[in-house]
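The structure appears right after this line, and notes come after that.
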2 protein chains.
Amino acid sequence: MLPLERKKRIRSLIEKERHIKIAELSNRFGVSEMTIHRDLKPLLEEGCIAKTFGGVAWKQDGQEANTKVQGCVYCGRGYSERLAYRLILSNNRMETACCAHCGLLRHSQIGGEVMQAICSDFLTHTTISAPLSWFVMDTSVHMGCCHPQVLTFEWKEYAEKFVKGFGGHVYSFEVAKTVLVQKMNGGQNNCHSQK
Amino acid sequence: MLPLERKKRIRSLIEKERHIKIAELSNRFGVSEMTIHRDLKPLLEEGCIAKTFGGVAWKQDGQEANTKVQGCVYCGRGYSERLAYRLILSNNRMETACCAHCGLLRHSQIGGEVMQAICSDFLTHTTISAPLSWFVMDTSVHMGCCHPQVLTFEWKEYAEKFVKGFGGHVYSFEVAKTVLVQKMNGGQNNCHSQK
DNA sequence: TATAGATTGTGTTATTTTGTTATAAGGCGA
DNA sequence: TCGCCTTATAACAAAATAACACAATCTATA
């Protein structure tokens, strides 16, 4: 078996069994324990498993998120839960973008791999499905994340009411993606807090 | 079984059974009592269990005390950081209200003792001084906290823009307190999610 | 074929875990 | 309160495991 294949299988085995001994992995794959330790090293650094004495344990996503606050998958910036845009991919991995701006761009980039996309209603913070959300751009409220700014709303009616007060335009998911890409190509290539 | 896995199981076992003998745990997991004692040590320090002579007992309140999110000082309900209204008193104690509704009422109640009052801008979540904030009531957006609902804004301009879209009225701090008390006395005495 | 790089196994040392023994302390009946 | 039994704690030794260094093996490429 190729090393890479072994590593993949080890990963899925841990994910499935939750806890497993190094010795058992060594037996199962017919390699020395030292090799198993070496195979586990990248997984450990990635943060999806934890070593215990004598074995490994799968780290739940919740824990992972707690211990490791990674940056936005698109711009690398830190993010808050409030504006975050999450992409659940076909390989069961999750990517987090700092805001809908980066989320929509990333979504456009890797569209085929995305199984689910979720974001948060700007007013109520309810979790919503991105493709069903409404997106507001060019508004006068600035959250200081990325530019051009994109705010997300659960209901079209509320997005429109928001625009009535604070200006801007309301877009559906597909249109928002197109418009955003156009805006980004229209000379404003920088992401963060640019006017 | 891996040590970590055993520790987890011991924890959930105690939580489930409420109290259990050390000897039984020793039997159940096939390790010496000394090992069980060692496994219990971190749980003990964490405060979620209590040792009795010969056994352990689950401490309900102990754990709650550690992780405890206290309720609103006025209505007792749990609160989110987003809507919370905090009162710093002259004796250096801090009180937290679940939202501006309860915060303003509490503020009116113990006015003299309050040194500082802080809340959060509804749009940006910036922390702001309550007496300098602008308060929106009777709007069509409902956050599901207390009724009559009060939203807080850093800038009057933004509060007005919000009202333009979502309806309602903008009040300064002093006026908001008065209006709220009037509304509460006008027959709508209940606090939570009442229409 | 020769060579560089990657992968793997082995032996050694350091660390962690566990059980045993000895000692201290708590519970309980007389 | 005293004495007896049970349980808790501490110290030590043994076993299991991790980490490291180095050598051997394998793979790809010129």
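A note on names: the letters A, B, ... follow the listed sequences, proteins ahead of strands, and every chain is numbered from 1.
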Closest listed nucleotide, where the reference is the side chain of R38(B) and the choices are dA11(D), dT8(C), dG9(C) | dA11(D)
Among dG9(C), dT20(C), dT8(C), the one nearest S32(B) by side-chain distance = dT20(C)
In whole angstrom, give the distance that lies between atom CD of E5(B) and atom C1' of dT17(C).
-> 16 Å
Ring geometry between H107(A) and F173(A) (parallel below 30°, tilted from 30 to 60°, perpendicular above 60°) | perpendicular
Over its full length, what angle do the end axes of the helix from dT1(C)-dA30(D) to dA30(C)-dT1(D) make, each axis taken from five pairs and the result rounded to 10 degrees?
-> 30°
Are any of T35(B)'s side-chain N or O atoms less than 4.0 Å away from OP1 or OP2 of dG19(C)?
-> yes
For L2(A) and dA6(C), give me the distance from atom CG to atom C1', rounded to whole Å.
-> 13 Å
Would you kindly give the CG-to-C1' distance between L4(A) and dT7(C), to the nearest whole Å?
-> 13 Å
What class does the angle between the rings of F162(B) and F122(B) fall in, given that below 30° is parallel, 30 to 60° is tilted and above 60° is perpendicular?
-> perpendicular
With a 6.0 Å cut-off on ring centres, are Y158(A) and F166(B) close enough?
-> yes
Answer yes when R9(B) and E5(B) have at least one side-chain N-carboxylate O distance shorter than 4.0 Å, and no when they do not.
-> yes
Heavy atoms of E24(A) and I20(A) approach each other most closely as OE1-CG1, 3.9 Å
Which atom of L180(B) lies closest to which atom of H101(B), heavy atoms considered | CD2-O, 3.3 Å
Within 6.0 angstrom of K21(A) NZ, more than 12 heavy atoms from elsewhere = no
Whole angstrom value for the distance that separates P of dA6(C) from NZ of K41(A) | 15 Å
Show the distances under 3.5 angstrom between N or O atoms of the protein and N or O atoms of nucleotides 16-19 of chain D.
| unit_1 | atom_1 | unit_2 | atom_2 | d |
| --- | --- | --- | --- | --- |
| dT17(D) | O3' | G54(A) | N | 3.0 |
| dA18(D) | OP1 | G54(A) | N | 3.1 |
| dA18(D) | OP2 | H37(A) | NE2 | 2.9 |
| dA19(D) | OP2 | K51(A) | NZ | 3.0 |

Shortest non-hydrogen contact from S26(B) toward S32(B) | OG-C, 3.8 Å
